Amino acid sequence: MFETFDMLSAEQQLELIVRPRGDWYGVSHVASGVLRVLPELEWCAPVSFDSGKLTEICEQLVRGTSVYEWLKVTEAPQGISGLKTDFPQHAGLHELGKRKEIEPARRYVAAMLVIWTADWQRRLHALPNDDPKKQSQQALLDRRLVEAWMAVRLLRGGVIGLLEAHGPSPLDFILSAEGTLLDYDVRTVDEDNRRYLGYLNRYFSAVLGRSQTGGSGVVRFAGNDAEAELQVEEELSIVDADGEIHRPELRVYQNRRSLQERRKTDHFRAGNAIQEIEDGPTLVQSVGVLETAKGETPVQSVLRRRGQLLHRRRSAQVLPGRWDELNQHEVSTLLQFAYDHYSIESELTSTLLLMLLTGRSFEDVRAARVVNGVAQLPLDPSPSAVYLVYEKQAWGTGALKPAARRKRESRWQDYLRHHQDVLMLPVPSPLWCLLAPLIKTAATRSRERSARLFHADRDLQIEEQIRDALSRLNSGRQARLTLHRIEHQLFAEVMQQSTDVTEAALITGKQAPYGESAALYYHSCDRETLVDCYTKVANAWAHLLTDDDQWKLIQRDMIGGSVGSDLVLDDAAGRLLVADLRAQLKVDRKLLGSPEGLQRFHNAYTNYCLVMLFFATGYRAVGEPVARESDVNIQAGFITIADKTGDGFGHARMVPLCALLSAQISAYQSHVHWLTQHLAWSGSPAEDTPFLFYLESDLKSLRVRPRSMNTRLSWSYPESLPLNLSRHWLRGALRARGVPGSTVDQFMGHWSAGQEPWSKYSGIDPMHFGYQLSAVLDGLLHDLGFECEVGAV
């Protein structure tokens, strides 16, 4: 009951919605109530309801089909006695199903109760049985739920009109009911209705973890590991000063567990980024004025505003030439000012130059330190740190890391790529000469330890001088030089050079303009790649200062190894993994004559196909990879992969099928067809088999899920390596083959709201997308040693 929705059958989903008594009292009315509330459920919560199957079951039950055909009846009929107090949700849906008409506000509140109750119960289920708070919290849920469903059944008259008048979501009115009901006439809100609204207020206040209500924003889990409570944080508003992109007229309520709790989930242990572990439910409310003259409804308003405005905002923030990026004339003006004044105002010009060259903030640059040689650098510097290496004419820093990630264990070292935490970036001679006077002086003080480049007690004075200097430079030149734009110029130009926001983040130590991305958790690249990209940008700036190409070349050292994700499978280990799987398949093929041999061969064959699927699609090990055969379209060249599946959520992404994977899937389908016929001929019981499955010892099918994959792949994934290592390897491998960063993000599923590649407002071309990736994926699979293996026939 507490698995993700897409792991539940439609019958189990119906039980989760109804929370029924064992005799399913009044099942036809209950089914009618579910049919009426189902549209609001789908709108309020983005979970994987099997709407088609649910509708079919409920319609059959309304027509009087035997309940035993669809549902599990565990008790003898008892009548309605005790139903409302012991099974209030069952009783509430039963009551709604009996009515001829149900107001939209009443349906909406009922849907909210269903969603939040399922989530509250899930969190209680996750608490240890010996936790003293578990019993008291369960009693609180039962008590508040009886009151809330009583309110849904009995609210009437003017109160329903008030709920309808408060937009598509009456939640804010309910949460502020105690403070606002005094303003209404007793003929509109009588004593009974005040009490019922108080019941709803207490329920939602309890589930949101607050005693006082008001405001809107993002709801997150907080608290310790034993108990997750909810608090409200105001939603941040991002305004583009030079554009027409404003905050969407939306209000978002979202559930998130604490960081410590998410680290304990199976998804995190399997190697998923912490940002990809989703919780639920997420509720979206439109607070804008409806265009009723054009036939707009509340649901249409939410979908239109949320999709279009978020997409426009995020797209605009990564476009070249935006307000926080300098043009070539402005960069040239800044460099010329530094050249003209470096001997007079060396501290001021050095601060500006280092902000431009490092992409760090004023505060980080003022804390810059000087070392004579590489040996004096710290082993794991901060991504915001700036270390100027006097002997190498370069600066060092730490590559950006995600806020939370799985730690690299020592027993995995032999199978993972060599990882570094230090990034050294060379400075062209014309620009280094402008910094040299101060660096040389500081280097004499750094014989054994690093020394500060600037004196900290002058920070405020220098900042004021810089602002005055920039104001003079901007005056009469139509320039837009500011500290903020100088700081972000490196990020913008590196992103244009590399086509990958993640690589720009690794160099500059800054997140993407639209916030932290899960791509950073998976991406890994050679330090040489980042050095080459940075050198092109820095050399272009040097050319703005001088036309002489004969400046001192910097030796390319300290650039071995990779930065970014430290969980990247070594290429040799990947080839060994594939070779072992093929060798095992060859051995087990010889045993096909016996039932045990059939089981062993089929499981080995499934393992081989699964691992190829891992490396060709970037599948996250969070659930069943492919739900059904119809999710594979070999003719169109696409496959739908289960993805980002969290508690109470379902999500999938469509990825192109490369030629090798397409051939392997066709061979697997032929094998499964032969296998089912063989088992039927041998007398084994017929059953509906999933698309990918294992065979147990009694030759019954076992669904492919992370737990079963971990068990059957343990011999080939030594030292308990996470299944998701293929994702860490794949993103860097695609970038190394020249696939643009935005295309890789679309392939890997690394997008946030407003960036979905297959939404109706997206401009992605499916044919071009598949063409870009298919040939590259084929090359990667062949490099690892994959070949199309036939099954038992």
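Treat the numbers as computed from the prediction; the structure is a model and nothing was measured.
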- Leu734 side chain reached by Thr743 side chain, heavy atoms, under 4.5 Å: no
- From Leu348 atom CG to Ile462 atom CD1, the distance as rounded to the nearest 0.5 Å: 5.5 Å
- Item | Spatial distance of atom CG (Leu354) from atom CD1 (Ile486) [nearest 0.5 Å] | 12.0 Å
- Are side-chain N/O atoms of Trp729 and Asp570 paired as donor and acceptor at under 3.5 Å? no
- Message: Between Arg417 and Asp566 (salt bridge meaning N to carboxylate O under 4.0 Å), is one present in this structure?
- Response: no
- Quick one: pull up CG in Leu506 and OH in Tyr534 and give me the separation to the nearest 0.5 Å. 15.0 Å
- Task: Answer yes or no: is there a side-chain heavy-atom contact under 4.5 Å between Leu357 and Leu490?
- Result: no
- Item | From CA spacing to verdict: side chain to side chain contact (heavy atoms under 4.5 Å, CB included), Thr535, Leu425 | CA-CA 8 Å; Thr535 302; Leu425 300 165; over 6 Å; no
- Task: Using side-chain contact (heavy atoms from CB on, under 4.5 Å) as the criterion, point out the one residue from Gln336, Gln328, His329 that pairs with Leu544.
- Result: Gln328
- Can you see which heavy atom on Leu431 is nearest to which on Ala538, and at what distance? CD1-O, 4.1 Å
- Message: Test your reading of the model: is there a side-chain donor-acceptor pair from Thr529 to the backbone of Cys525, 3.5 Å cut-off?
- Response: no
- Message: Measuring only between side-chain heavy atoms, which start at C-beta, is Met495 closer than 4.5 Å to Asp500?
- Response: no
- Message: Testing the 3.5 Å rule here: is there a donor-acceptor pair between the side chains of Gln413 and Arg408?
- Response: yes
- Message: Under a 3.5 Å distance rule, please check whether Arg452 uses its side chain to pair with a backbone N or O of Arg366 as donor and acceptor.
- Response: yes
- Message: For Asp414, give me all partners under side chain to side chain contact (heavy atoms under 4.5 Å, CB included), at least two apart in sequence or on another chain.
- Response: none
- Message: With a 4.5 Å cut-off on side-chain heavy atoms, are Val563 and Leu530 touching?
- Response: yes
- Query: Which heavy atom of Leu353 sits nearest a heavy atom of Leu435, and at what distance?
  - Reply: CB-CD2, 3.9 Å
- Message: Tell me if the CD1 atom of Ile344 is crowded by more than 12 foreign heavy atoms within 6.0 Å.
- Response: yes
- Query: Residues in side chain to side chain contact (heavy atoms under 4.5 Å, CB included) with Glu330, at least two apart?
  - Reply: Leu326, Asn327, Ala479, Arg480, Leu481
- For His782, does the NE2 atom sit with more than 12 other heavy atoms under 6.0 Å from it, leaving out its own atoms? yes
- Message: Please find the pair of heavy atoms, one from Gln746 and one from Ile764, that lie closest to each other, and give the distance.
- Response: OE1-CD1, 3.3 Å
- Message: Within this structure, what is the OG1-CG distance for the pair Thr358 and Leu388, rounded to the nearest 0.5 Å?
- Response: 8.5 Å
- Any side-chain donor-acceptor pair under 3.5 Å between Glu347 and Gln461? no
- When you look at Leu434 and Thr349, which way does the side chain to side chain contact (heavy atoms under 4.5 Å, CB included) test go after all the steps? CA-CA 8 Å; Leu434 306 183; Thr349 57; over 6 Å; no
- Query: Is a side-chain donor or acceptor of Ser346 paired with a backbone partner of Ser343 at a separation under 3.5 angstrom?
  - Reply: no
- Mark yes or no for whether Arg527, through its side chain, and Val422, through its backbone, hold a donor-acceptor pair below 3.5 Å. yes
- Query: So, do Pro740 and Gln772 sit near enough that their side-chain heavy atoms are less than 4.5 Å apart?
  - Reply: yes
- His341/Phe337 aromatic ring centres below 6.0 Å: yes
- Message: Go through it in stages, so that I can follow the logic: the residues are His523 and Thr502, the test is side chain to side chain donor-acceptor pair (under 3.5 Å), and I'd like the CA-CA distance, side-chain angles, deciding distance and then a yes or no.
- Response: CA-CA 7 Å; His523 187 61; Thr502 305; 5.9 Å; no
- Return the minimal non-hydrogen interatomic distance between Gly373 and Val389, and the atom names on each side. C-CG1, 4.0 Å
- Ser742-Asp745 side chain donor-acceptor pair, cut-off 3.5 Å: no
- Query: So is Arg727 actually on top of Tyr522's ring, under 6.0 Å and inside 45° of the axis?
  - Reply: yes
- Item | Heavy atoms of other groups near Tyr339 OH, more than 12 under 6.0 Å | no
- Can you list the steps and then say if Ser471 with Asp468 is a side chain to side chain contact (heavy atoms under 4.5 Å, CB included)? CA-CA 5 Å; Ser471 178; Asp468 290 341; 5.6 Å; no
- Answer with yes or no whether the side chains of Ser524 and Arg731 bring together a donor and an acceptor at under 3.5 Å. no
- Query: Are Phe614 and Asn724 close enough that some pair of their side-chain heavy atoms sits under 4.5 Å apart?
  - Reply: no
- Query: How many angstroms lie between OH in Tyr415 and CG in Leu576, if you round to the nearest 0.5 Å?
  - Reply: 8.5 Å
- Given side chains that start at C-beta, do those of Phe786 and Phe615 come closer than 4.5 Å, heavy atoms only? yes
- Message: Applying side chain to side chain contact (heavy atoms under 4.5 Å, CB included), can you list everything that pairs with Asp783, at least two apart in sequence or on another chain?
- Response: Arg737
- Kindly determine whether Asp364 and Ser361 satisfy side chain to side chain donor-acceptor pair (under 3.5 Å), including the steps that lead there. CA-CA 5 Å; Asp364 293 335; Ser361 66; 3.1 Å; yes
- Exercise: do Glu493 and Gln497 side chains pair donor with acceptor under 3.5 Å: no
- Taking all non-hydrogen atoms of both residues, which atom of Thr441 and which atom of Arg445 are closest, and how far apart? O-NH1, 3.7 Å
- Considering non-hydrogen atoms only, spot the tightest contact between Cys533 and Ser498 and give its length. SG-CB, 3.8 Å
- Query: Between Arg735 and Glu503, is any pair of side-chain heavy atoms under 4.5 Å apart?
  - Reply: yes
- Query: Between the main-chain N or O of Leu438 and the side-chain N or O of Ser350, is there a donor-acceptor pair closer than 3.5 Å?
  - Reply: no
- Query: Do Asp580 and Ser716 have a side chain donor and acceptor closer than 3.5 Å?
  - Reply: no
- Query: Passes side chain to side chain donor-acceptor pair (under 3.5 Å), Ser446 versus Gln376? Steps please.
  - Reply: CA-CA 9 Å; Ser446 63; Gln376 291 177 270; 4.8 Å; no
- Task: Without swapping roles, check the side chain of Lys401 against the backbone of Gly564 for a donor-acceptor pair under 3.5 Å.
- Result: no
- Stepwise, does the side chain to side chain contact (heavy atoms under 4.5 Å, CB included) test hold for Ser450 with Tyr387? CA-CA 8 Å; Ser450 63; Tyr387 287 89; 4.3 Å; yes
- Task: For the pair Arg653 (side chain) and Phe747 (backbone), establish whether a donor and an acceptor sit closer than 3.5 Å, ignoring hydrogens and angles.
- Result: yes
- Arg360-Thr397 side chain donor-acceptor pair, cut-off 3.5 Å: yes
- Roughly how far apart are Ser726 OG and Leu721 CG, rounded to 0.5 Å? 11.5 Å
